[in-house]
Amino acid sequence: MYICLCHGVTDKKIEQAIDEGATTMRELSKELNVGSQCGKCCGCTKKILNRKLIQI
Ligand code: FES
């Protein structure tokens, strides 16, 4: 599912970036550009990040 429409980033891509070591929104934004345009994807991206970090 697309999370960031501005940059075409899917939930899988976000999860993969977290698996590869990203632990903050800043890192995800730097790597995938999420949240760097309209910002509408920030809430969803944060949810994925928090859910994944709890699992680690
Ligand atoms: Fe991600 Fe616009 S949807 S910056």
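Scope of the values below: all heavy atoms of this structure, side chains included, with no hydrogens, waters or symmetry mates. Remember, it's 1-based here, ligands and their atoms both numbered in the order they're listed.
The number of protein N, O or S atoms lying under 2.8 Å from atom 1 (Fe) of ligand 1 is 2.
For the atom pair CG (Asp19) and CD (Gln16), the distance works out to 7.5 Å, reported to the nearest 0.5 Å.
With contacts defined as side-chain heavy-atom distances shorter than 4.5 Å, the pair Leu28/Ile18 qualifies.
A donor-acceptor contact shorter than 3.5 Å links the side chain of Thr45 to the backbone of Cys41.
Remark: Thr24 pairs with no residue by the side chain to side chain donor-acceptor pair (under 3.5 Å) rule, at least two apart or across chains.
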Exercise answer: donor-acceptor pairs, residues 1-10 side-chain atoms, under 3.5 Å, sequence neighbours excluded:
unit_1 : atom_1 : unit_2 : atom_2 : d
His7   : NE2    : Asn33  : O      : 3.4
His7   : NE2    : Ser36  : OG     : 3.1
His7   : NE2    : Gln37  : OE1    : 3.4
Thr10  : OG1    : Lys13  : N      : 3.2

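With respect to Arg26 and Glu31, no salt bridge is recorded, no charged nitrogen being found less than 4.0 Å from a carboxylate O.
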